[in-house]
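Just so we're on the same page: letters track the sequence lines, and every chain starts at 1.
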Amino acid sequence: MPELPEVETIRRTLARCLPGKKIEDVEVRLPKLVRPDVATFVENARGRVFGEPQRKGKVLILPLGESSLLVHFRLTGQLVFLSPESSEPAYTHLVFALNGARLAYADLRQFGWLEIVRNEDLAEHPSLVSLGPEPFDLEAEEFYVMLTSRRRRLKALLLDQQFLAGLGNIYVDESLFRARLHPEREAATLSFEEARRLLRVVQDVLREAIATGGSSVRNYVDGEGREGRFQERHLVYQHRERPCPRCKTPIVYKQVAGRGTYFCPRCQR
DNA sequence: GACAACCTGACC
DNA sequence: GGTCAGGTTGTC
């Protein structure tokens with residue numbers, strides 16, 4: 001599930017209810033989801049108080065005093081704050097008890113993970129140390145240099161978290177369509193104008209997606225269990241064979257860089 | 001680069 | 001039965 005807009009939405013919703021809440025206890029029902037092991041995880045969690053939620057790329061960072069809880073949702077992870085009377089989501093594998101309220105981690109496909117890291121070790125964490133810049137932190141000139149020094153296809157490059165942090169399959173396809181760039185185009189062949197256009201649409205798409213609470217294509221929900229609405233604005237993602245919004249040519253679906261990819265073969269060059 | 005692996009589905 | 005799935009990592 002979550003790409004940058006979804007994780008950012010989870011961060012913002014949890015920011016409203018989580019800070020100041022104390023972890024009274026942790027129930028880990030699926031041990032493989034926590035690192036390095038259940039005993040260490042529970043010991044490092046118990047008694048800690050949540051601070052102001054942060055995010056880097058697709059990683060959610062929940063400060064707990066001198067350490068921080070890292071959460072990666074991979075494809076189907078959910079983190080939902082529950083009031084005392086509400087019931088937990090399906091596939092809940094871990095629950096933090098917060099003096100009546102609870103914070104539940106659910107994950108249908110069980111690919112996500114949670115880990116508590118000392119703040120002084122955060123920068124060196126494998127999931128954070130090699131992250132590329134976020135799209136919002138870039139200028140057109142730098143992005144142009146980044147792109148034109150790479151001999152890779154745009155689709156593969158934009159999905160690479162070491163190149164650029166935060167984009168996933170949905171937002172790469174939506175951005176490339178809006179920028180009228182073909183997913184199989186070699187990055188090094190972009191003109192400065194094309195690079196500038198691509199950066200601008202990536203930023204626009206992410207901002208719009210955050211403003212509408214992210215994309216709920218399958219089972220994504222925010223930190224309060226609510227679905228997003230950006231899927232209603234998708235122009236190509238999951239629009240196989242439907243007419244292109246610009247030229248009416250049927251949207252093509254094919255594997256590019258190992259991922260299902262949607263694009264207009266006429267508009268995108 | 002391509003592919004399998006990690007899992008549990010939904011949908012045709 | 002087959003295909004596909006908001007991600008990442010490890011292997012040829």
Exercise for review: Both distances under 3.5 Å, Watson-Crick or G-U wobble: on that basis, could you give the dot-bracket string for DNA chain B, with [ ] for crossing pairs and | for other-strand partners?
Suggested key: ||||||.|||||
Revision key, fill the gap. Whole-Å distance, A:Phe73 CZ to C:dG7 P, equals 13 Å
Point to revise | Expected output: side-chain A:Arg55 to main-chain A:Gly57 donor-acceptor under 3.5 Å | key: yes
Point to revise | Nearest-angstrom distance from the residue atom CD of A:Glu227 to C1' of C:dG6 | key: 14 Å
Check your understanding: Given the P atoms of B:dC3 and C:dT3, what is the spacing between them in whole Å?
Key -> 14 Å
Review point. For A:Phe230, which contact category applies under a 4.0 Å heavy-atom criterion: base, sugar-phosphate, or nothing?
Key: nothing
Check your understanding: Cluster question for you: counting only ILVMFWY and a side-chain heavy-atom cut-off of under 4.5 Å, with indirect links fine, are A:Val205 and A:Val217 together?
Key -> yes
Practice item. State whether a side-chain donor-acceptor pair under 3.5 Å links A:Glu115 with A:His72. Key: no
Revision key, fill the gap. Base orientation of C:dG6, chi within 90° of 0 counted as syn, else anti, reads syn
Check your understanding: Taking the six-membered ring for Trp, is the centroid-to-centroid distance between A:His93 and A:Tyr105 below 6.0 Å?
Key -> no
Practice item. Please check if A:Leu138 and A:Leu154 belong to a single hydrophobic cluster, counting links between Ile, Leu, Val, Met, Phe, Trp and Tyr side chain heavy atoms closer than 4.5 Å. Key: yes
Review point. Just wondering, do A:His234 and A:Phe230 contact through their side chains at under 4.5 Å, heavy atoms?
Key: yes
Practice item. May I ask you to verify if any side-chain N or O of A:His72 is less than 4.0 angstrom from the OP1 or OP2 atom of C:dG7? Key: no
Practice item. For the residue pair A:Ser67 and A:Arg48, confirm or rule out a side-chain donor-acceptor distance under 3.5 Å. Key: yes
Review point. With a 4.0 Å cut-off on heavy atoms, is A:Tyr171 in touch with a base, just the backbone sugar-phosphate, or nothing at all?
Key: nothing
Check your understanding: Looking at side-chain heavy atoms only, is the closest gap between A:Leu190 and A:Arg185 below 4.5 Å?
Key -> yes
Check your understanding: Does C:dG6 have OP1 or OP2 sitting under 4.0 Å from an N or O in the side chain of A:Lys58?
Key -> no
Point to revise | Side-chain H-bond candidate by donor/acceptor type, A:Ser68 with A:Asn119, under 3.5 Å | key: yes
Check your understanding: Would you say C:dA5 has OP1 or OP2 under 4.0 Å from some side-chain N or O of A:Tyr262?
Key -> yes
Practice item. Take atom CZ of A:Phe163 and atom P of B:dG1, then tell me their distance rounded to the nearest Å. Key: 13 Å
Check your understanding: C:dG2 and B:dA4: how far apart are their P atoms, nearest whole angstrom?
Key -> 15 Å
Check your understanding: What one-letter contact string describes nucleotides 5-12 of chain B from 5' to 3', where B marks a base within less than 4.0 Å of any protein heavy atom, S marks contact via sugar-phosphate atoms alone, and - marks no contact?
Key -> -BBBS---
Practice item. Provide, to the nearest angstrom, the distance between the CD atom belonging to A:Gln161 and the C1' atom belonging to C:dG6. Key: 11 Å
**Study point:** Connected via hydrophobic side-chain network under 4.5 Å: A:Val202 and A:Phe177
**Key:** yes
Distances under 3.5 Å only, N/O to N/O: pair up the protein atoms with those of nucleotides 1-3 of chain C.
none

Check your understanding: Over how many whole Å does the gap from A:Leu167 atom CG to C:dT8 atom C1' extend?
Key -> 15 Å
Review point. In terms of side-chain heavy atoms, does A:Asp107 have a donor or acceptor partner in A:Thr76 at a distance below 3.5 Å?
Key: yes
Exercise for review: Please state how far atom CD in A:Gln238 lies from atom C1' in C:dG6, giving the value in whole angstrom units.
Suggested key: 9 Å
Practice item. In whole angstrom, give the distance that lies between atom CG of A:Leu159 and atom P of C:dT9. Key: 13 Å
Revision key, fill the gap. Rounded to whole Å, CD of A:Glu3 lies from P of C:dA5 at a distance of 13 Å
Exercise for review: May I ask you to check whether A:Lys155 and A:Thr261 show a side-chain donor-acceptor distance below 3.5 Å?
Suggested key: yes
Review point. If you check every side-chain atom of A:Ile170, which of C:dG6, B:dG1, C:dA5 has the closest atom?
Key: C:dG6
**Study point:** Contact summary for A:Glu6 and A:Tyr171, nearest pair of heavy atoms
**Key:** OE2-OH, 2.6 Å
Practice item. Between C:dG6 and B:dA2, how far apart are the C1' atoms? Round to whole Å, please. Key: 22 Å
Practice item. Determine the contact category for A:Ser216: base if any of its heavy atoms lies under 4.0 Å from a base atom, sugar-phosphate if only primed atoms, P, OP1 or OP2 are that close, otherwise nothing. Key: base
Exercise for review: Take atom P in C:dT8 and the same atom in B:dG9, then report the distance between them in whole Å.
Suggested key: 23 Å
